[in-house]
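Okay, so here's the structure we're looking at.
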2 protein chains.
Amino acid sequence: MPKSKRLMELMMTVNRKRRFKVQELADEFGVSKRTILRDLQELSELGVPLYSEVGPHGGYQVVRERVLPPIAFTEEEAVAMFFAVHALRHYSSLPFEAESASALSKFYLHMPGDVRDRIDGMKHRVDFVTPTRRGDAPCLSVLLDAAVKQRVLLIEYESKDEEESRRRIQPVCLYAHNGFWYCNAYCFLREGFRVFRCDRIRRAEPDADAKPLDLGDVRLSRRFAAEPREPVRLRAELSRAGVQRCEGELWLAPLLRVREDGSGLIDGGVPRGELPFFAEFFIGLGSEARLIEPAELKTEIRRRLAEMLERYA
Amino acid sequence: MPKSKRLMELMMTVNRKRRFKVQELADEFGVSKRTILRDLQELSELGVPLYSEVGPHGGYQVVRERVLPPIAFTEEEAVAMFFAVHALRHYSSLPFEAESASALSKFYLHMPGDVRDRIDGMKHRVDFVTPTRRGDAPCLSVLLDAAVKQRVLLIEYESKDEEESRRRIQPVCLYAHNGFWYCNAYCFLREGFRVFRCDRIRRAEPDADAKPLDLGDVRLSRRFAAEPREPVRLRAELSRAGVQRCEGELWLAPLLRVREDGSGLIDGGVPRGELPFFAEFFIGLGSEARLIEPAELKTEIRRRLAEMLERYA
DNA sequence: ATAATGGTGACAGAACATGTCATCAACCCA
DNA sequence: TGGGTTGATGACATGTTCTGTCACCATTAT
């Protein structure tokens with residue numbers, strides 16, 4: 001086998017088995033220990049973070065992150081990666097922030113000057129508008145990791161009404177909406193699914209003792225929702241423009257039905273406690289929505305409208 | 001020079017000068033033509049898209065995109081790239097869509113199985129909510145390109161009121177907001193800066209004849225705005241919650257002032273034609289905003305509130 | 001102490017890369 | 001048409017690099 005190919009395969013092998021001995025690889029590749037040693041040194045020079053210990057039970061290790069074999073990207077692909085990461089820059093906290101930065105700087109370093117200019121030019125010409133929020137969400141990575149691996153976390157949460165509580169949760173998924181990060185999770189304290197705002201989670205750490213539930217295929221599906229307490233049936237007709245505005249609201253998705261002609265309707269149970277919120281929401285929709293029930297929501301809306309009329313008198 | 005190094009340098013050289021002859025490179029690297037030919041063949045096999053023509057004035061070319069020298073990424077960096085691109089998936093049209101996809105598939109191919117699993121797991125666990133809109137914006141790449149290079153485009157635009165028009169524009173910047181793409185541009189027809197919704201731009205092609213203006217440092221700055229026709233002074237007080245909601249609205253940014261305590265005010269000129277829109281907006285803000293002037297906006301708001309009261313009676 | 005492990009240097013021989021040459025095939029231009 | 005330019009390919013001797021072997025050192029767990 002030519003040396004170049006061997007180096008590639010060596011890199012892959014080394015990444016697969018994170019610990020190994022020189023003799024092992026020598027046998028595997030059918031070359032001498034000496035050659036493997038020389039190869040490993042070259043890999044080191046190429047950036048693979050190798051670490052070795054002598055003595056019995058010693059051996060080589062790939063330290064920290066494993067490395068992918070070198071990949072040749074086209075300039076356009078590199079630009080696309082810049083674009084994608086650039087698009088997210090308004091999110092104050094993101095998982096993988098450091099990693100994106102280091103990946104981009106690798107691209108940047110290997111790029112000829114004119115492509116750099118192109119990218120620098122683009123940075124000022126394109127943007128994704130997202131409301132910038134003050135709140136940092138320091139625990140995002142922990143939450144995401146727990147969601148992927150389905151582990152239980154012990155968190156300190158400061159809820160809307162500023163009560164602080166400690167509870168065990170098992171994250172299901174994370175989503176960013178309107179500048180905030182939210183986490184859908186099973187809450188062992190409330191014994192049901194709840195949504196947490198990530199910037200209100202002060203601390204989060206894995207709870208190794210707690211047994212995770214089998215949440216099977218509960219995932220990102222938007223139909224995921226807590227069973228409301230004291231449910232009230234909400235029904236409303238939406239014009240086409242009304243549908244468009246409602247489609248942007250994640251929490252509304254389970255209730256929303258869109259007809260072929262673009263109009264639609266809202267139908268489903270909502271917790272009675274949320275009625276004030278819905279009042280505001282329907283006022284915002286103006287004449288794009290026609291509320292059918294519940295009557296008490298109509299009353300609330302009338303009350304607010306009257307109040308506003310007075311303010312604007 | 002060892003062969004491996006020579007191949008690297010050859011790749012860079014070949015990328016710099018997009019057209020070259022074998023003899024040139026042979027002289028430059030101090031090896032024979034035969035060797036260069038063999039090397040070029042290897043580069044080809046490594047994925048560099050080379051194309052050659054025989055005969056006088058023939059020679060080699062790097063076809064289509066140029067290729068970066070192979071870069072070794074860590075697994076975490078690859079995952080970060082997946083994350084960034086995944087975040088954008090709800091945008092139905094994006095510049096560099098194809099390129100992102102091909103870059104990701106390169107990462108994916110070179111990844112050991114467990115990382116693939118991790119990424120596949122993550123895909124269902126994290127999301128960025130953006131309203132999905134129906135309208136495609138087929139011309140995004142052209143617009144972005146024109147913005148970066150400051151070229152004039154000839155576009156067919158279908159404005160709100162469904163009039164179709166052809167006009168020359170010089171794009172300044174692009175931004176995505178709330179699921180739609182917008183393009184700030186100087187409009188030669190209206191002789192001023194205008195904002196175009198990209199999905200309403202049916203066609204766009206470079207107009208080589210037209211002389212671009214020197215728009216110098218007009219860039220993404222949010223303060224960029226057309227001088228309103230028939231300006232009317234708009235003033236309003238905002239509570240803290242009101243400020244938070246207004247911060248999400250790009251078009252409002254030039255008028256918005258935030259105080260230290262989190263409250264704020266809106267102050268500035270707006271076109272009279274936009275008043276109906278503002279009426280709706282202020283109704284949506286409910287009691288989080290207190291409108292000071294203009295009086296005619298107050299009247300309009302009262303009218304709408306009364307109308308809604310009637311609807312909800 | 002002993003054995004297991006990594007690390008280094010020297011050197012002959014094996015494997016590979018290179019240069020030279022010959023030949024062919026397109027293609028342009030006069 | 002013919003001569004010049006350029007790429008493409010094969011053969012082979014030669015030169016360079018890579019590899020295996022061996023000898024030896026250093027470190028450390030048992």
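Residue numbering restarts at 1 for every chain, and letters A, B, ... go by the order of the sequence lines.
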**OP:** Please say whether more than 12 non-hydrogen atoms of neighbouring residues, nucleotides or ligands are located less than 6.0 Å from CD in Gln41(A).
**Re:**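 Atom CD in Gln41(A) is not crowded, with 12 or fewer foreign heavy atoms closer than 6.0 Å.
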
Original post:
Does the salt bridge (charged side-chain N to carboxylate O under 4.0 Å, His left out) test come out yes or no for Asp145(B) and Lys149(B), once each step is laid out?
Top reply: CA-CA 6 Å; Asp145(B) 196 56; Lys149(B) 297 186 182 144; 3.2 Å; yes

Original post:
Taking DNA chain D as the partner, which of residues 7-21 of chain A come within under 4.0 angstrom of it by heavy atom?
Top reply: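 Close to the strand, none.
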
Subject >> From CG (Asp209(A)) to CZ (Arg168(A)), nearest 0.5 Å >> reply: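 Answer rounded to 0.5 Å: 8.0 Å.
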
Original post:
Are any of the side-chain nitrogens in Arg200(B) or Glu158(B) under 4.0 Å away from the carboxylate oxygens of its partner?
Top reply: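 No salt bridge links Arg200(B) with Glu158(B).
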
Original post:
Salt-bridged, Glu24(A) to Lys17(A), with N to O below 4.0 Å?
Top reply: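 Salt bridge flag = yes for Lys17(A) with Glu24(A).
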
**OP:** Could you give me the CA-CA distance, side-chain angles and deciding distance for Cys173(A) and Asp127(B), then say whether side-chain contact (heavy atoms from CB on, under 4.5 Å) is met?
**Re:** CA-CA 8 Å; Cys173(A) 69; Asp127(B) 199 5; over 6 Å; no

Between [N] atom [atom2] and [X] atom [atom1], what is the distance in whole Å?
| X | N | atom1 | atom2 | result |
| --- | --- | --- | --- | --- |
| Leu37(B) | dC24(C) | CG | C1' | 14 Å |
| Leu50(A) | dG6(C) | CG | P | 12 Å |
| Leu40(B) | dT18(C) | CG | C1' | 15 Å |

Subject >> Under 3.5 Å: donor-acceptor pair, side chain of Arg203(B), backbone of Ile155(B) >> reply: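 Absent.
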
**OP:** Please check if the side chain of Arg151(B) supplies one atom and the backbone of Pro212(B) the other of a donor-acceptor pair under 3.5 Å.
**Re:**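 Pair absent, no side-chain N/O of Arg151(B) close to backbone of Pro212(B).
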
Original post:
Under 4.0 Å between a side-chain N or O of Ser52(A) and OP1 or OP2 of dT5(C)?
Top reply: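 It does not, given that no N or O in the side chain of Ser52(A) lies less than 4.0 Å from OP1 or OP2 of dT5(C).
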
**OP:** Summarise protein proximity over nucleotides 25-30 of chain C in one line of letters, 5' to 3': B for base, S for sugar-phosphate only, - for none, counting protein heavy atoms closer than 4.0 Å.
**Re:** -BBS--

Original post:
Could you run down nucleotides 12-25 of chain D 5' to 3' and tag each one B, S or - for protein heavy-atom contact under 4.0 Å?
Top reply: ------SBBB----

Subject >> Over-ring placement of Arg166(A) relative to Tyr157(A), 6.0 Å and 45° cut-offs >> reply: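 The answer is no, since Arg166(A) fails at least one limit relative to Tyr157(A).
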
Original post:
Between Phe196(B) and Trp181(B), does the ring centre distance come in under 6.0 Å?
Top reply: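 Between Trp181(B) and Phe196(B), which both carry aromatic rings, the centre distance is not below 6.0 Å.
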
Original post:
Applying salt bridge (charged side-chain N to carboxylate O under 4.0 Å, His left out), which residue pairs with at least one partner in residues 38-63 of chain B are found, sequence neighbours left out?
Top reply: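 Of all non-adjacent pairs touching residues 38-63 of chain B, those that pass salt bridge (charged side-chain N to carboxylate O under 4.0 Å, His left out) are Lys3(B)-Glu42(B), Arg6(B)-Asp39(B).
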
Original post:
In degrees, rounded to 10°, what is the bend between the two ends of the helix from dA1(C)-dT30(D) to dA30(C)-dT1(D), using five pairs at each?
Top reply: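 One end's axis against the other's: 30°.
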
Original post:
Between Phe107(A) and Phe73(A), what is the ring plane arrangement, given parallel below 30°, perpendicular above 60°, and tilted in between?
Top reply: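 Correct class here is perpendicular.
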
**OP:** Name all residues meeting the salt bridge (Lys or Arg N to Asp or Glu O under 4.0 Å) criterion together with Arg34(A); count only those two or more places apart in sequence or in a different chain, and write none if there are none.
**Re:**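 If we apply the salt bridge (Lys or Arg N to Asp or Glu O under 4.0 Å) test to Arg34(A), skipping adjacent residues, there are no hits.
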
